[in-house]
Amino acid sequence: MHPYRTHTCGELRMDHVGQTVRVSGWVFRKRDHGSLLFFDLRDHYGLTQVVVQPDRSFFEECQRIRSESVIIVTGRVVARSEETINETLPTGRIEVVAETLTIESMADPLPFQVNIDDDGPEETRLKYRFLDLRREHLHKNIMLRSQVIASLRRRMMAQGFTEFQTPILTSSSPEGARDYLVPSRVHPGRFYALPQAPQQFKQLLMVSGFDRYFQIAPCFRDEDARADRSPGEFYQLDMEMSFVTQDDVFAVVEDVIHGVFTEFSNWTIDSTPFVRIPYATAMVKYGTDKPDLRIPIEMQDVSDLFRASKFNAFRGMVEKGGVVRAIPVKGIADKPRSFFDKLVEYAQSLGSKGLAYLVWEGGAIKGPIAKFLSEEELKALAARGGMTDGDVMFFVSDMVHTVNKICGDLRTKLGRDLDRIAKGVYRFCWIVDFPMFEFDEETRTVGFSHNPFSMPQGGMKALCEKDPLEILAYQYDIVCNGVELSSGAIRNHSPEIMYKAFEIAGYPASEVDKRFGGMINAFKLGAPPHGGIAPGVDRMVMLLSGESNIREVIAFPMNQKAQDLMMNAPNTVTEKQLRELHIKLNLPKEKNSEVRSQESATI
RNA sequence: GGGGGCGUAGCUCAAUUGGUUAGAGUCCCAGACUGUCGAUCUGGUUGUUGCGGGUUCGAGUCCCGUCGCUCCCGCCA
C-alpha cells in the first residue's frame, strides 16, 4: 500500500464500500463525542469523514489532535446508515473507519481559523498566506487563475501564436514607470532593470520574423499600489502580430477574451465585435477613458446652450473656454431633498464649484437654476437628454479636464447609489483614437500622451502638417465593467516617422538613438508593420472571480507598501553582498528608534 | 508625497451623554458525552483598549501627536 494514500479525500463513493483504503490530509474539523470521534479530513480534492472508535489504541491521541494537523488514516470504507448520510458532501454517503492513524504533522493553535472563510486582518492573512490559501475561497481563486492561464495559452496557440520567453534582467527604459534595479557585480556602478513589460523584445521578435508572439509575461513596475494594482509585479497576456491592422488585433483579442469569459463565467457577455468608442466621445459621455457600460447614464456636452444664457456662472465659464456637461438621470425626481443636497456636497468634495440640476416634475421644470433659463433653452436641454416627467438633469461646469473628472465620478456614484449597475453582465468596449500628443500644463510643452512607439494616424503626413494636439494614434484600450484590461497599439515601425514624432515631443534624433538605439537599428534593417496588446491577467481573473481586490487572485501578493510579510521582503543584506556589488548605503534618517530595533530584530 | 477610513482577547465583535473590576461568541486548556457533520454541555485561561502625551475627580469613549493596515489622489509610456 502507498505510504500516504490510495485515494484522495474527494474520491470515495459507495462503490468503494468494503475496501481498505489510505487517505491523508488536514484535520478540517473534529467532533469529539468522548467515546466516538469524527474527523473531516481535507485535501485539495475534498472532504472525507473519518470515524475513530473508542477501542482503538490511538483514540486518546486523536482527542488531542488540533485543527489543521496532517494525519494519515488507514481503514475500511463503510456505508453510512440512512439517518447519518450527509447530502451536502459528495463523499457524504460513506465514511472511513480508522484502523491505523498517524499524526504526520501536529499543528500549533492557529492565528486564524481555516475552516471559517471569515477574513481576518489582512496583515495576519498575508503573513500566514499558506494558511489563507488552504481556505476554500482563496484556494478556488488560485485554481481559477491557473485554469484561466491554461485556457489563454490554448486559445493563443490555436490562433497560431508562439510563446516566447524574454529577459528578466534587462536594461532600464527611460520612459514610463520607475524601474526595479538590479546591481551588476561584474560591472561596478551599472544596473540591470527588471522589465516593465517586454515591449521592445516583442517588437524585436516581430522584426525577427516570428510573426505572432505571445507570453504570459511578468512585468515589474515600482509604483504605488491600488486595489486593482499589485505593487511591484503583475502578469500580462502579452502579444504582438506582424502585418496587421488595428481590426486584426481586435479580432484576435475578442476571440480570446470572449472565449475565456464564456468558459469561466455564466454571466452575460457582450457579443463580438465589442463596441468601439473614440477617446473623445468616451470623455464626454462617461468622463473617463475606462467607462463602466453597465451604468445606463450617458452625459452630454451642453456648453452651447449656456453660451448665451442668463445663468452667469456657466456662461462665464464657457466664455473662459470651459464647458458645461449635463448628466441626465431617469426617474429620480421623487428623491428627497437630502439626496440632492448630499450629491451637491459630494460634487464639491470632488472639487466642483457646485452641482446645478433641473427636475422635470408634474409638467413643470424646477430646480435651483430653472429661473435663469429661457423656455427655449429648457426645451433644448430636455430634447438633448430625452427628459420626461420624473427625470433629473445635473450640470457641472469648469475647464474640460476638471469636468471630466467630476462627471466621471458622479456618474459612477449615481450608478452605485441608485443601484442602476446592471448585474450579472460583462460589458466590454474598445476605446480607440487616443491622441498621440498632449499638452503638459506643468512644463508647458507637448509630450507623448501614451506610448511613444504608437503609429500616428496619417503617418508622416499628419506629423508634418497637423497641429500635434489634433493627431490621433493607433492606440487602443480594452475596458470591461470600468476596469482597464489593457492598452495596445499599432506600432511605429518607420525610423523616419519615429524621429519626427520624437522631435515633436522635444527629443532630437541623437537622443532617440541613445535611448532606443537597439530598436531603431532593427527598424533600419527591414521591419514589418506590427501591433499588439497586453491584457492584464490578474485583472481578468479578478473580474471572473468577482473579487474587488487584486491580492485575492495572487497566491503570494505583497501588501500595499510592496512588502512580502511572509518572506520578509524587502530585507537588508550582508556587508559582504553589498561589497561585492560595490554599493555603499546612504540611508535617510530613521524616524524613531522603535523602527530601528524592529529592523535589527529581523536580520 | 497628500487626503479619508479603521485599530478593544489569537480571531469576529460589544461596551448608554465620559462613570464601578472592559464583556460575548469563537479559538485554546480541562472535564462530561457512542452517530456527529459549524456536534453538544460544564468549567477555565486569554487585555499595556496600537503607542505616547493632554483635558478631566474619572478616558476604550474627548483633544493632539505618532505607528500600523487599508481605500483614494499623485504616480502607473
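All values below come from the heavy atoms of this structure, side chains included, with hydrogens, waters and symmetry mates left out. Labels below follow one simple rule: chain letters A, B, ... track the order of the sequence lines, proteins then strands, and each chain is numbered from 1.
Residue A:N559 places its side chain closer to B:rC69 than to any other of B:rC28, B:rC69, B:rU34. Relative to the side chain of A:H33, the nucleotides B:rG74, B:rC28, B:rC33 differ in distance, and B:rC33 lies closest. The side chain of A:E123 approaches B:rG68 more closely than any other nucleotide in the set B:rG68, B:rG74, B:rG10. Picking from B:rC69, B:rU70, B:rU34 the nucleotide with the shortest atom distance to the side chain of A:L36 gives B:rU34.
Salt-bridge check for A:R551 with A:E122: passed, with a basic side-chain N closer than 4.0 Å to an acidic carboxylate O. For A:D32 and A:K30, the salt-bridge test fails: no basic side-chain N is under 4.0 Å from an acidic carboxylate O.
Ring-plane geometry between A:H44 and A:H139 is classed as tilted, the angle between the planes lying from 30 to 60 degrees on a 0 to 90 degree scale. Aromatic ring pairs are classed by plane angle as parallel below 30°, tilted from 30° to 60° and perpendicular above 60°; the pair A:F516 and A:F453 is perpendicular.
Not a single donor-acceptor pair, N or O on each side, falls under 3.5 Å between the base of B:rU12 and the side chain of A:Q113. Under 3.5 Å, the side chain of A:R80 and the base of B:rU36 form at least one donor-acceptor pair of N or O atoms. The base of B:rC76 lies close enough to the side chain of A:R229 for a donor and an acceptor atom to sit less than 3.5 Å apart. Donor-acceptor pairing under 3.5 Å, judged by distance alone, is absent between the side chain of A:N115 and the base of B:rG38.
Place A:P109 and A:L126 on RNA chain B by their nearest nucleotides, and A:P109 ends up nearer the 5' end. Nucleotides of RNA chain B nearest to A:R221 and A:E122 differ in position, and the one nearer the 5' end is that of A:E122.
Between the P atom of B:rC76 and the CG atom of A:D477 lies a distance of 15 Å, rounded to the nearest Å. Straight-line distance from the CD atom of A:E68 to the P atom of B:rC11: 17 Å, rounded to whole Å. A:R178 places its CZ atom 9 Å from the C1' atom of B:rC76, with the value rounded to the nearest Å. Rounded to an integer number of Å, the gap from CG of A:L350 to C1' of B:rG3 is 13 Å. For A:E82 and B:rG35, the CD to C1' distance is 14 Å, given to the nearest whole Å. The distance between atom CD1 of A:I65 and atom C1' of B:rC29, rounded to the nearest whole Å, is 17 Å. In this structure, A:E60 places its CD atom 13 Å from P of B:rC33, rounding to the nearest Å. One interatomic measurement links the two molecules: CZ of A:R29 to P of B:rU40, which rounds to 11 Å at whole-angstrom precision.
In this model, the phosphate group of B:rU34 is approached by a side-chain N or O of A:S35 to a distance below 4.0 Å at OP1 or OP2. Between A:Q563 and B:rC69, a side-chain N or O to OP1/OP2 separation shorter than 4.0 Å is present. A:Q560 has a side-chain polar atom (N or O) that falls below the 4.0 Å cut-off from OP1 or OP2 of B:rC71. Phosphate contact (OP1/OP2 of B:rA39, side-chain N/O of A:R31, threshold under 4.0 Å): present.
If you check every strand for non-hydrogen atoms under 4.0 Å, A:F38 touches a base. Here A:R551 lies in heavy-atom contact (under 4.0 Å) with sugar-phosphate atoms only. As judged by a 4.0 angstrom heavy-atom cut-off over every strand, A:D55 is placed among residues making no nucleic acid contact. Looking at heavy-atom distances under 4.0 Å, A:R226 makes contact with a base. Base engagement by A:Q49 is indicated by at least one non-hydrogen atom pair under 4.0 Å involving a base atom. Using a 4.0 Å heavy-atom cutoff across all strands shown, A:E95 reaches at least one base atom of the nucleic acid. Within the 4.0 angstrom heavy-atom criterion, base atoms lie near A:D32. Looking at heavy-atom distances under 4.0 Å, A:N86 makes contact with a base.
Taking atom P in both B:rU61 and B:rU55, one finds a spacing of 15 Å when rounded to whole Å. Spacing between B:rU17 and B:rG10 at atom P, rounded to whole Å, works out to 28 Å. Between B:rG23 and B:rG44, the distance separating the two P atoms is 13 Å to the nearest Å. Only the P atoms considered, B:rA59 is 16 Å distant from B:rU16, to the nearest whole Å. B:rA39 and B:rC29 are spaced 15 Å apart, taking the P atom of each and rounding to whole Å. Atom name P, nucleotides B:rC27 and B:rU70: the rounded distance is 28 Å, in whole Å.
Between the side chains of A:E547 and A:N141, at least one donor N or O sits under 3.5 Å from an acceptor N or O. Counted by atom type alone, A:N451 and A:Q475 present zero donor-acceptor pairs between their side chains at under 3.5 Å. Between the side chains of A:D513 and A:Y499, at least one donor N or O sits under 3.5 Å from an acceptor N or O.
Stretches of at least 3 consecutive Watson-Crick or G-U wobble pairs, with each checked distance under 3.5 Å, appear in RNA chain B as B:1-7 with B:67-73, B:10-13 with B:23-26, B:28-32 with B:40-44, B:50-54 with B:62-66.
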Practice item. Please report the C-alpha distance between A:E68 and A:R42 in whole Å, then the side-chain angles of each, then the deciding distance to 0.1 Å, and finally whether the salt bridge (Lys or Arg N to Asp or Glu O under 4.0 Å) criterion is met. Key: CA-CA 9 Å; A:E68 294 306 307; A:R42 183 200 74 239; 2.9 Å; yes
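Here the two rings, on A:F448 and A:F502, have centers that are under 6.0 Å apart.
Side chain of A:S486 to backbone of A:A534: a donor-acceptor contact under 3.5 angstrom is found.
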